[in-house]
Amino acid sequence: MTDVPESHPRYVSLRMRDDIARGVEQGVTSPHGLIAHGRGEAFDYMIGETTQPFALSAIRSAAAMLLRASHPVISVNGNTAALVPAHLVSLSAACKAPLEVNIFHTSHERERAIERQLRDSGAEGVLLPSPDSTIDHIESNRKFVNPRGIAVADVVFVPLEDGDRCEALRKMDKEVITIDLNPMSRTSRLASVTIVDNVVRAMPLLLETIAELRSLGVPQLETLVSTYDNQTILDQAQQRLRKGG
Ligand code: PTJ
C-alpha cells in the first residue's frame, strides 16, 4: 500500500491505483487493466471526479431494469473484482443475480483468482465460463459463458465492458447495463443503459437506488425503464466532457 495520508488531495484516486496494482500482483487483474484504468482516470478527471446528474438518471433506470428482470446476471472482470468486489457481492444478493466471471484476456488462473476474490468478499456461489457453452457473434474469450448465467440471462450487468461482447449480447436481445467513464466507447453506445461514472462511486449509489425502488410494482418499474433514453444521457455526458472538469 502506498504511504499516502488520507488528507492528500488525490487520496481517493491513489487508493484506487493501489487496488488495481494489488489486483495485478494477486493475479486478479490483467496488466492491460492498468491501461484501461488510466484511460478511465482521464475521463473521470474531465467529468470533475463526481457523480453527475446524467449518471444518476442512468442508475435509476438500471436499478429498475435489474429489479424487473427475470434472470439478471452480473458479469465480473479483473478490474471490477479489484475495485468493488464487496459491492458486486451485495448487488448479487440485492437483485438475486448470480455473479459470473467473464474476462477478455484469456487466463483460467485469473478466472479462479477472481472467483476467490469474490468468495473472500462474501459470495456464496460464483459461476465460471464453460468450454461447452458459447454465445454467438463474438470471437474473443468472452464468448465462453456459463449455461446457468449469461447464456440464459435477460439482463446482463457488465461494468467496464468491451464493445464486442456488448454488441453480441444486444444481438441476442439481452438488455445490457454498463458502467463506463467513456461515453463515446462502443460499449457505451451499444448498451441499453450506460452509467457514465466511476465504478467505485456508481456501485454504492446503485445499491441505494435498488433499496429505494424495491417496493415499486412491475408497471412502475417498467415506466422507469421505458421512459429512459440512453442517447440523451450520452449526449449530456459528452457535453460535460467538452466543458471539462
Ligand atoms: O479482466 P479482463 O481481461 O476482462 O480485462 C478488463 C479490461 C477492463 C482490461 C478490458 O475489458 C478492457 O480492455 O477494457 P477497455 O476496452 O479498455 O474498456 C474499459 C473502459 O472502462 C474504458 O472506456 C475506460 O474508460 C473505462 N473505465 C476504466 N476504469 C473505469 C472505467 N469506467 C468506470 N470506472 C472505472 N474505474
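Both ligands and their constituent atoms are indexed starting at 1 by order of listing.
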| task | Check Asp197 against ligand 1 and report side chain, backbone, both or neither, counting heavy atoms closer than 4.0 Å. | result | backbone
| Quick check: does Gly33 get an N/O under 3.5 Å from an N/O on ligand 1? | no
| Going by atom types alone, do Ser75 and Asn102 pair a side-chain donor with an acceptor below 3.5 Å? | no
| query | Cut-off 3.5 Å, side chains only: do Gln231 and Asp235 have a donor facing an acceptor? | reply | yes
| Can we say Glu41 and Arg10 salt-bridge, meaning some charged N sits less than 4.0 Å from an Asp/Glu carboxylate O? | no
| Evaluating non-hydrogen atoms only, which member of Gly163, Gly23, Ala36 is closest to atom 19 (C) of ligand 1? | Ala36
| request: Please report which non-hydrogen protein atom sits nearest to atom 32 (N) of ligand 1, along with the residue it belongs to and the distance in Å to one decimal place. | output: Leu181 N, 3.2 Å
| task | State whether the number of non-hydrogen atoms from other residues, nucleotides or ligands found under 6.0 Å of Arg17 atom CZ is greater than 12. | result | no
| request: Check whether more than 12 heavy atoms from other residues, nucleotides or ligands sit under 6.0 Å from atom CZ of Arg148, and answer yes or no. | output: no
| query | So, Ser92 side chain and Ala97 main chain: donor-acceptor pair closer than 3.5 Å or not? | reply | yes
| message | For atom 4 (O) of ligand 1, what is the closest protein heavy atom, and at what distance to 0.1 Å? | response | Phe104 N, 2.7 Å
| message | Can a donor-acceptor pair be found, under 3.5 Å and without considering hydrogens, that links the side chain of Thr178 to the backbone of Val158? | response | yes
| task | May I ask whether atom 10 (C) of ligand 1 is less than 4.0 Å from at least one protein heavy atom? | result | no
| message | If hydrophobic clusters are built by linking Ile, Leu, Val, Met, Phe, Trp and Tyr wherever their side-chain heavy atoms come under 4.5 Å apart, do Val152 and Leu127 end up in the same one? | response | no
| query | Do Ser185 and Asp180 have side-chain atoms, one donor and one acceptor, less than 3.5 Å apart? | reply | yes
| note | When distances are taken from atom 13 (O) of ligand 1, the protein heavy atom at minimum range is His105 NE2, 4.2 Å
| query | So which protein heavy atom does atom 7 (C) of ligand 1 come closest to, and at what separation? | reply | Asn79 OD1, 4.1 Å
| task | Answer yes or no: does an N/O atom from Leu83 fall short of 3.5 Å to an N/O atom of ligand 1? | result | no
| said: Between Asp19 and Arg22 (salt bridge meaning N to carboxylate O under 4.0 Å), is one present in this structure? | reply: yes
| remark: Of Thr134, Asp164, Asp162, the one forming a side-chain contact (heavy atoms from CB on, under 4.5 Å) with Arg142 is Asp162
| field | Atom indices of ligand 1, in the order listed, that fall short of 4.0 Å to a heavy atom of Gly78 | value | 1 (O)
| Among protein heavy atoms, which sits nearest to atom 17 (O) of ligand 1, and what does the distance come to when rounded to 0.1 Å? | Arg39 NH2, 2.7 Å
| Just heavy atoms, cut-off under 4.0 Å: does Arg142 contact ligand 1 by side chain, backbone, both, or neither? | side chain
| task | Report the nearest protein non-hydrogen atom to atom 3 (O) of ligand 1: residue, atom name, distance rounded to 0.1 Å. | result | Arg110 NH2, 2.7 Å
| field | contact_flag Met16 ligand 1 heavy-atom lt 4.0 Å | value | no
| message | Quick test: of every protein heavy atom, which one is nearest to atom 34 (N) of ligand 1, and how far off is it to 0.1 Å? | response | Val199 N, 3.0 Å
| remark: Candidates Val200, Asp180, Ile195, Ile20; heavy atom nearest atom 23 (O) of ligand 1 found on Asp180
| message | To check your reading of the model: name the closest protein heavy atom to atom 36 (N) of ligand 1, its residue, and the distance in Å. | response | Asn198 OD1, 3.0 Å
| said: Check contact between Glu161 and ligand 1, using heavy atoms of the residue and a distance below 4.0 angstrom. | reply: yes
